[in-house]
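The structure appears below as structure tokens.
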Amino acid sequence: MDEGLNSAAYTGSAHQYIYEPLDLKRNEIRVLQLLEPSKVGELINCTLSKVSLDLNHDYDALSYTWGDQAKDVHLSHSILLDGNVFPITRNLERALQTLLWGNKSKSLWVDAISINQIDISERNEQVQKMKFVYKCAKSVLSWLGEEYENSREAFESVQVILKVGVKRFVHNDPEEWTIHTTISDEIVRKTLAIINLFSREYWWRSWIIQEVTFARRLTFYCGPDSISWEDLSNATRALCEDGNWLDYAFNATNIAHLMHKLGESGPRWIERSGYSIKDQDTAGKAGEGHNSSETNESYVELGKLLIFHRKKRATDPRDKIYSLLSFISKAKQNLLPVDYGMDAQTVYLQVATFIVTVERSLAVLTENKQRQEVAEKEAGFHLPSWVPYWASERESDNPRIDSSSYCSVSGLTTVDACIKDETILCVKGIHLGTVTETSLLFPDFGDEKPPFAPAFDALYGWWLLFVSARKPLLIGPDGFLNFIYLGVLKYGHSQKSGPVRNFVAEVETSVPYYLRIVLSIYMPDDERFTPLIGKQVEPVDSTLAQKAEHEIWSIAPQAKKRKAFMLGAKNIGLGPQDVRKGDEVVALFGCKVPVVLRKRVDGEGWINIGDAYVDGFADGEAIKELQESTRVAEVFEIH
């Protein structure tokens, strides 16, 4: 399904087509078929027919984006539909030309055409059964768009990777690789082609998750070229498995800052779903259709899915929710029926209330909120501050602390919360302290090649704040790196062996080495770090310097767009980008990480600012103090 559909787009000429009502008792959908082949330059000539999902699975389903590479979403092109001119976008026209042209036997389900978009009742009913539309289809045809940005070379390179592996694709003899080995321009070009393919708008669509998950058979098309899901997925896994080596190998190239997209974009996005693609693919291939029993299927919480897929996009903001409902149980779906008659704010408030009261989760509070968003909440605009605006792209790139740490500030407590007057979240917790000082904001430059100096200045400022209250330790369970890594290193030190312990050993060896290099460049006369990491002796050329900057820049992704702060006189924390002096930090029962709150201007209640990490309150310490009667619990009313 396309994410850009809304009834407002279907005005004017679209009304000339009269849809025949669907028979709900027969569980009907409409499929598109080609009539007499059109001549070149003529409109594609099609007809719509009704089929029952209970009886007919002889159709394919289209997965695509409404706009093209230029993000053109205008209904500037048309097809002939049962003799009527039916407006569609350029991208959909290109998809139909490629997938339907000359094939009268193919039946294709296309949301923009198969669903009467201006009939809200039908739209609600059809969207609710979307899971079964894709699950019953013979195959799902995923249209990535036309051929551009060397997409054909990307497809060819993926096949090479499947045959010879990632390292041999990059270099004929990986065993002879050193930091000074040069990547050829040809390999840089081919790798960039894969990155561009994985960065297409298609992969960001919120609807793609269920379209791919429930497909029996899945093929991706890019212009005239195609590749199976299995091949694309296996190549992506290979790229991810060799991700560290690739970062190292491409460090001196002009695409070094884009290499992360190989593991964070494209097919990898789909596999981040909390719903098992493998399990669902098996269920789809069983061919049980919409009558299949759901008793053996596992489900995930909607709140977790919204976190996993926070970066997904939908032109209609309600679809950020509706595209994920198929992954929760039927009983819970009944509490959140699809209703395009409600506006987005009402839907989001309903969903946030559901997450708090039914799923018993406070994860709606633990986002790193943008400054503009906080300002709007303080002014009383839009949604309550505890309700995420899931469609906001401003907040989608902000890493979450609860997804990156072993923090459990609330111990084994459970959520104690209720909703007052439909919009006020009343939640029980413990006051940890008041923010007394903040440091520089750690920058984030998105896909641009980042300058290192601002990141270094922020980290150095955080270090000065750290040593103002602690011993000047860099490594170890109480060191600065443990703070940057949100307590992960302390947890690793408690393990005798295993992957976390190995990770700690690697970090505490490599980071001081690279830190020593960047200090020799940016602060050669500073002696405060010398007792901790030693003095740089060997010469530093441009390749080594660039490698060191890249490593230090990327040591802690969750630090981006955050500030360090002091809580009282001795506790240091890492907070949201808008944390300021005077804010309060609280531990809410059942919430994994601390939350920063700010008193409302009128003094009545609180505004949610976002998530935090506080060194010294990562393992239920505040709850223990409550049990010892040195702290008291209170109810916070969050507006």
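Every heavy atom of this structure was used, including side-chain atoms; hydrogens, water molecules and symmetry mates were not. Predicted, not measured: the structure shown is a model, and the values here were computed from it.
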Grab the two heavy atoms, one from [X] and one from [Y], that are nearest each other, plus how far apart they are.
{"X": "Asn251", "Y": "Ala256", "answer": "O-CB, 3.5 Å"}
{"X": "Cys240", "Y": "Leu262", "answer": "SG-O, 4.1 Å"}
{"X": "Gly145", "Y": "Asn91", "answer": "CA-OD1, 3.9 Å"}
{"X": "Pro317", "Y": "Thr315", "answer": "CD-O, 3.3 Å"}
{"X": "Leu567", "Y": "Val435", "answer": "CD1-N, 3.9 Å"}
{"X": "Gly492", "Y": "Val504", "answer": "CA-CG2, 3.6 Å"}

Trace of the salt bridge (charged side-chain N to carboxylate O under 4.0 Å, His left out) decision for Arg90 with Glu146: CA-CA 10 Å; Arg90 180 179 184 275; Glu146 297 182 80; 2.5 Å; yes

Give, for atom [atom1] of [X] and atom [atom2] of [Y], the distance between the pair rounded to the nearest 0.5 Å.
{"X": "Ile161", "Y": "Gln159", "atom1": "CD1", "atom2": "CD", "value": "10.0 Å"}
{"X": "Leu239", "Y": "Leu246", "atom1": "CG", "atom2": "CG", "value": "6.5 Å"}
{"X": "Leu544", "Y": "Ile517", "atom1": "CG", "atom2": "CD1", "value": "4.0 Å"}
{"X": "Gln210", "Y": "Leu324", "atom1": "CD", "atom2": "CG", "value": "8.0 Å"}
{"X": "Ser510", "Y": "Leu515", "atom1": "OG", "atom2": "CG", "value": "10.5 Å"}
{"X": "Ser361", "Y": "Leu306", "atom1": "OG", "atom2": "CG", "value": "10.5 Å"}

Evaluation steps, salt bridge (charged side-chain N to carboxylate O under 4.0 Å, His left out), between Lys547 and Glu551: CA-CA 6 Å; Lys547 172 66 175 173; Glu551 291 297 323; 2.8 Å; yes

Residue of the set Arg562, Lys369, Arg400 for which side chain to side chain donor-acceptor pair (under 3.5 Å) holds with Asp611: Arg562

Test Ser142 against every option in Tyr202, Trp229, Trp203, Tyr221 by the side chain to side chain donor-acceptor pair (under 3.5 Å) rule and name the one that passes. Tyr202

With a 4.5 Å heavy-atom cut-off, do [X] and [Y] have their side chains touching?
{"X": "Asn368", "Y": "Ile401", "value": "no"}
{"X": "Leu489", "Y": "Glu508", "value": "yes"}
{"X": "Asp316", "Y": "Tyr322", "value": "no"}
{"X": "Ser520", "Y": "Val540", "value": "yes"}
{"X": "Phe250", "Y": "Ile183", "value": "yes"}
{"X": "Leu574", "Y": "Trp462", "value": "yes"}
{"X": "Phe565", "Y": "Val614", "value": "yes"}
{"X": "His309", "Y": "Lys311", "value": "no"}

Salt bridge present between Glu201 and Arg313 (N-O < 4.0 angstrom): yes

Quick one: do Lys490 and Asp619 make a salt bridge, cutoff under 4.0 Å? no

Assign the ring pair Phe480 / Trp463 to parallel, tilted or perpendicular, where the plane angle (0 to 90°) is split at 30° and 60°. perpendicular

What is the ring orientation for Phe483 with Tyr613, classed by angle as parallel under 30°, tilted 30 to 60°, or perpendicular over 60°? tilted

Ignoring hydrogens and geometry, is there a side-chain-to-backbone donor-acceptor pair from [X] to [Y] under 3.5 Å?
{"X": "Asp615", "Y": "Asn571", "answer": "no"}
{"X": "Lys592", "Y": "Asp402", "answer": "yes"}
{"X": "Glu186", "Y": "Val188", "answer": "no"}
{"X": "Thr89", "Y": "Trp66", "answer": "yes"}
{"X": "Lys320", "Y": "Ala314", "answer": "no"}
{"X": "Asn482", "Y": "Asp478", "answer": "no"}
{"X": "Asp319", "Y": "Trp207", "answer": "no"}
{"X": "Glu147", "Y": "Pro224", "answer": "no"}
{"X": "Asp247", "Y": "His260", "answer": "no"}
{"X": "Asn234", "Y": "Asp231", "answer": "no"}

Side chain to side chain contact (heavy atoms under 4.5 Å, CB included) between Thr219 and Ser139, worked out: CA-CA 8 Å; Thr219 305; Ser139 64; 5.8 Å; no

Are Tyr522 and Tyr460 an aromatic pair by the rule of ring centers under 6.0 Å? no

Phe308 and Phe327 aromatic centres sub-6.0 Å: no

Go through the side-chain N and O atoms of Arg237 and Ser233 and say whether any donor and acceptor fall under 3.5 Å apart. yes

Under the criterion salt bridge (charged side-chain N to carboxylate O under 4.0 Å, His left out), I'd like the reasoning laid out for Arg152 against Glu156: C-alpha separation, chi angles, the key distance, then a yes or no. CA-CA 6 Å; Arg152 172 164 293 180; Glu156 293 170 350; 5.2 Å; no

Side chain to side chain contact (heavy atoms under 4.5 Å, CB included) evaluation trace for Ile552 with Phe452: CA-CA 9 Å; Ile552 297 300; Phe452 181 72; 3.9 Å; yes

Has Arg200 got its NZ or CZ under 6.0 Å from the middle of the six-membered ring of Tyr148, at an angle within 45 degrees of the ring axis? yes

Set out, in order, the CA-CA distance, both residues' side-chain angles and the distance that settles side chain to side chain contact (heavy atoms under 4.5 Å, CB included) for Cys222 and Leu197, then state yes or no. CA-CA 9 Å; Cys222 194; Leu197 181 71; 4.3 Å; yes

Please identify each residue that fulfils ring-ring contact (aromatic ring centres under 6.0 Å, His included) with Phe617, with sequence neighbours left out. none

Assess whether side chain to side chain contact (heavy atoms under 4.5 Å, CB included) is satisfied between Val364 and Asn608, documenting all intermediate values. CA-CA 10 Å; Val364 291; Asn608 176 36; over 6 Å; no

